[in-house]
Amino acid sequence: MHPLHHLADRLRERLIQSAALGEGGDLHARIRELVEHEAALLDAPARERLVELVVERSFGLGPLEPLLRDPAVDEVMVNGPGAVWVERRGRIEPTDVRFEDPAALRHAIERILAPLGRRVDEAQPLVDARLPDGSRVNVIIAPLALDGPVLTIRRFRRRGFTPDELVELGTWTAPLRDVMRRAVQARLNILVSGGTGSGKTTTLNALSSFIGADERVVTIEDAAELRLQQPHVVRLEARPAGVEGRGEVSIRRLVRNALRMRPDRIVVGECRGPEALDMLAAMGSGHDGSLSTVHAGSAEEALRRIETLALMADVGLPHAAIREQLAAAIDLVVHQARLRDGTRRVIALSEVVRVASGPATRELYALRDGRPVWRAALTDELAQRLGRVA
Ligand SMILES: Nc1ncnc2c1ncn2[C@@H]1O[C@H](COP(=O)(O)OP(=O)(O)OP(=O)(O)O)[C@@H](O)[C@H]1O
Ligand SMILES: [Mg+2]
């Protein structure tokens with residue numbers, strides 16, 4: 001390591017020990033003072049440089065700060081001190097932002113996690129956390145990350161997209177919006193599926209805006225991202241195990257607890273574990289109109305995935321019973337994708353039907369060569385349920 005960097009690390013340690021880091025405002029002056037005092041032998045440019053290095057190591061997000069202030073940036077991806085990428089308007093681009101060295105990146109990560117009461121080290125090399133502004137942070141370090149610390153920040157949008165904005169963006173089409181509005185109002189259980197970052201949570205959030213203001217909604221998430229606009233919403237967030245590995249509260253526990261909270265609807269941010277079983281049970285037992293997302297490559301695969309996840313709950317239910325529950329619980333699957341040009345689109349809307357072999361999807365609407373096509377009429381049952389709302 002460059003001797004100046006080494007010195008900067010030591011000075012930062014000194015600052016921490018003198019508890020000056022918590023004091024905010026005068027920290028700049030304090031750092032300058034410290035540098036003048038401890039590095040009087042260095043020439044003026046070197047001292048300036050040292051001040052910069054200590055500041056970078058002591059303040060907020062360091063060189064990431066300008067990226068996170070840019071409202072066009074949705075995601076910041078740091079693969080190493082010299083490899084910082086962002087996503088802007090659906091496209092991933094490199095930036096010229098650099099950290100001085102791996103230590104500076106590591107310090108920035110520590111500064112992000114420390115105020116959240118989290119830390120990353122060899123025993124806990126993988127951390128998922130949420131910043132006070134709602135942005136989602138993931139950190140993974142050695143030995144799991146092979147080339148140094150990796151930091152990923154999903155910026156929080158102060159406001160999700162409304163259904164009309166999604167139509168404007170081309171993610172939904174107007175006819176699709178109208179069917180989905182009626183589907184939510186008719187209390188169909190809807191699953192949004194898609195790949196990583198395909199916009200599932202965003203679509204779920206927009207769907208939730210169709211829920212009536214008089215309904216009691218309980219939302220359950222790993223890291224709270226949803227922003228429901230209704231007045232009567234209870235938000236629950238799962239808790240990871242603490243530093244000593246205790247105190248975990250799973251999504252599954254929260255789903256079961258939610259059932260005792262007299263919800264009209266339950267919204268599970270993402271189904272990715274055995275909570276799938278409890279969610280199916282909730283959907284099939286008077287909490288119609290529940291919504292969730294699942295990671296899958298197609299609507300059909302989404303059903304298979306929920307089935308597999310529900311089986312993981314391992315409560316001794318026969319497989320056939322779980323498939324039966326699945327067919328009864330989920331009414332619609334909205335499948336979304338991020339296309340090659342960076343846009344995110346709903347590429348299929350499917351109804352869940354029962355066939356001899358169990359639950360299956362029946363495509364109602366799809367994008368074919370970029371054009372929306374209605375492929376099948378609603379089944380009578382669904383048409384009847386939708387018909388009851390205007
Ligand atoms: N329709 C859209 N048009 C443009 N940008 C979008 C759209 N939907 C989502 N985004 C942006 O894409 C990013 C990912 O969106 P979102 O979190 O909804 O995806 P996801 O599929 O839920 O991701 P994950 O797999 O991480 O749960 C966010 O930064 C969001 O602001
Ligand atoms: Mg999501």
Side-chain angles (χ1 to χ4, degrees), residues 64 67-77 85-93 126 128-131 133-140 150-174 176-177 180 190-209 219-228 235 237-238 251 267-273 275-276 279 291-299 301-302 305-306 309 333-349 367 370 372:
L64 299 180
L67 298 179
L68 289 161
R69 271 201 306 269
D70 179 349
V73 168
D74 276 321
E75 193 118 27
V76 175
M77 294 151 274
W85 299 71
V86 293
E87 179 177 337
R88 277 197 184 89
R89 291 173 208 91
R91 286 171 197 278
I92 295 181
E93 345 174 310
L126 193 159
D128 235 335
R130 188 161 47 89
L131 297 181
D133 77 348
S135 299
R136 216 161 81 177
V137 177
N138 180 268
V139 176
I140 182 160
V150 180
L151 167 69
T152 315
I153 303 176
R154 161 83 45 87
R155 263 193 75 228
F156 171 80
R157 287 186 167 277
R158 201 149 290 109
R159 208 172 53 79
F161 292 111
T162 63
D164 289 343
E165 284 166 342
L166 287 180
V167 169
E168 207 142 289
L169 282 164
T171 301
W172 297 7
T173 57
L176 195 63
R177 172 196 56 205
M180 297 208 285
I190 303 175
L191 189 62
V192 180
S193 65
T196 306
S198 57
K200 302 181 292 294
T201 302
T202 303
T203 281
L204 180 67
N205 201 60
L207 288 176
S208 76
S209 71
T219 70
I220 299 165
E221 297 175 87
D222 242 341
E225 292 181 281
L226 294 170
R227 283 170 293 285
L228 270 62
R235 300 194 309 148
E237 188 180 64
I251 298 262
V267 178
V268 179
E270 185 181 344
C271 226
R272 59 171 166 211
E275 68 272 8
M279 192 188 69
L291 308 170
S292 188
T293 74
V294 69
H295 188 275
S298 69
E301 198 185 306
R305 177 131 177 86
I306 294 286
L309 293 174
V333 182
V334 179
H335 186 69
Q336 185 149 331
R338 179 166 168 267
L339 306 184
R340 244 177 263 283
D341 65 1
T343 60
R344 294 172 166 93
R345 289 178 197 276
V346 169
I347 60 169
L349 175 70
L367 273 193

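Counting starts at 1 for both ligands and their atoms, following the listed order.
- Arg154 NH1, 2.8 Å is the protein heavy atom nearest to atom 17 (O) of ligand 1.
- Interface of Thr196 with ligand 1, defined as ligand atoms under 4.0 Å from a residue heavy atom, comprises 25 (O).
- A pairwise comparison of heavy atoms in Ala276 and Cys271 identifies CA-SG, 3.6 Å as the closest pair.
- The protein heavy-atom contact nearest to atom 11 (C) of ligand 1 is Arg344 NH1, 3.7 Å.
- The shortest non-hydrogen separation linking Leu367 to Val346 is CG-O, 3.8 Å.
- Contacts of Gln336 with ligand 1, taken as heavy-atom pairs under 4.0 Å, are absent altogether.
- Not a single heavy atom of Gly194 sits less than 4.0 Å from an atom of ligand 1.
- Smallest separation of non-hydrogen atoms from Arg154 and Gly197: NH2-CA, 4.3 Å.
- Looking only at distances, no side-chain donor or acceptor of Thr293 sits under 3.5 Å from a matching main-chain atom of Thr201.
- Remark: ligand 1 atoms within the under-4.0 Å shell around heavy atoms of Leu166 are 1 (N).
- Side chains of Thr162 and Asp164: a donor-acceptor N/O pair is absent below 3.5 angstrom, by distance only.
- Annotation for ligand 1: atoms under 4.0 Å from non-hydrogen atoms of Leu169 are 3 (N).
- The distance from ligand 1 to the heavy atoms of Arg136 drops below 4.0 Å at these ligand atoms: 26 (O).
- Using a 4.0 Å cut-off between charged side-chain N and carboxylate O, Lys200 and Glu270 make no salt bridge.
- Interatomic distance, CH2 of Trp85 versus CD1 of Ile92, reported as 8.0 Å (0.5 Å rounding).
- In terms of polar-atom proximity, defined here as any N/O pair under 3.5 Å, Arg155 makes no such contact with ligand 1.
- Protein heavy atom nearest atom 19 (O) of ligand 1, with residue, atom name and distance: Gly199 N, 3.0 Å.
- Ranking the protein heavy atoms by distance from atom 31 (O) of ligand 1 puts Arg157 NE, 2.9 Å first.
- Between the CG atom in Asn138 and the CD1 atom in Ile153 there is a gap of 10.5 Å [rounded to 0.5 Å].
- The shell of residues lying under 4.0 angstrom from ligand 1, judged by heavy atoms, excludes Glu75.
- Residue-to-ligand polar distances place Thr201 within reach of ligand 1: an N/O pair is separated by less than 3.5 Å.
- Here the heavy atom of the protein found nearest to atom 29 (O) of ligand 1 is Asp74 CB, 3.2 Å.
- Closest to atom 9 (C) of ligand 1 by heavy atom, among Thr171, Thr343, Thr202, is Thr202.
- The ligand atoms of ligand 1 that sit less than 4.0 angstrom from a heavy atom of Gly195 are 21 (O).
- For atom 20 (P) of ligand 1, the nearest non-hydrogen atom of the protein is Lys200 N, 3.5 Å.
- With sequence neighbours excluded, the residues that form a salt bridge (charged side-chain N to carboxylate O under 4.0 Å, His left out) with Glu87 are Arg344.
- Side-chain N or O atoms of Glu301 include none that pairs as donor or acceptor with a backbone N or O of Ala296 at under 3.5 Å.
- Protein N, O or S atom count below 2.8 Å of the Mg ion (ligand 2): the structure gives 1.
- Of the protein's heavy atoms, Gly197 N, 3.1 Å lies nearest to atom 23 (O) of ligand 1.
- Of all heavy-atom pairs spanning Glu225 and Glu221, the tightest one is N-OE1, 2.7 Å.
- Side-chain N/O atoms of Thr196 and His295 include a donor and acceptor closer than 3.5 Å.
- For the atom pair Leu191 CG and Leu204 CG, the distance stands at 9.5 Å (nearest 0.5 Å).
- The closest donor-acceptor contact from the side chain of Arg177 to the backbone of Leu166 lies at 3.5 Å or more, if one exists at all.
- Atom OG1 of residue Thr203 and atom CG of residue Leu291 lie 11.5 Å apart, to the nearest 0.5 angstrom.
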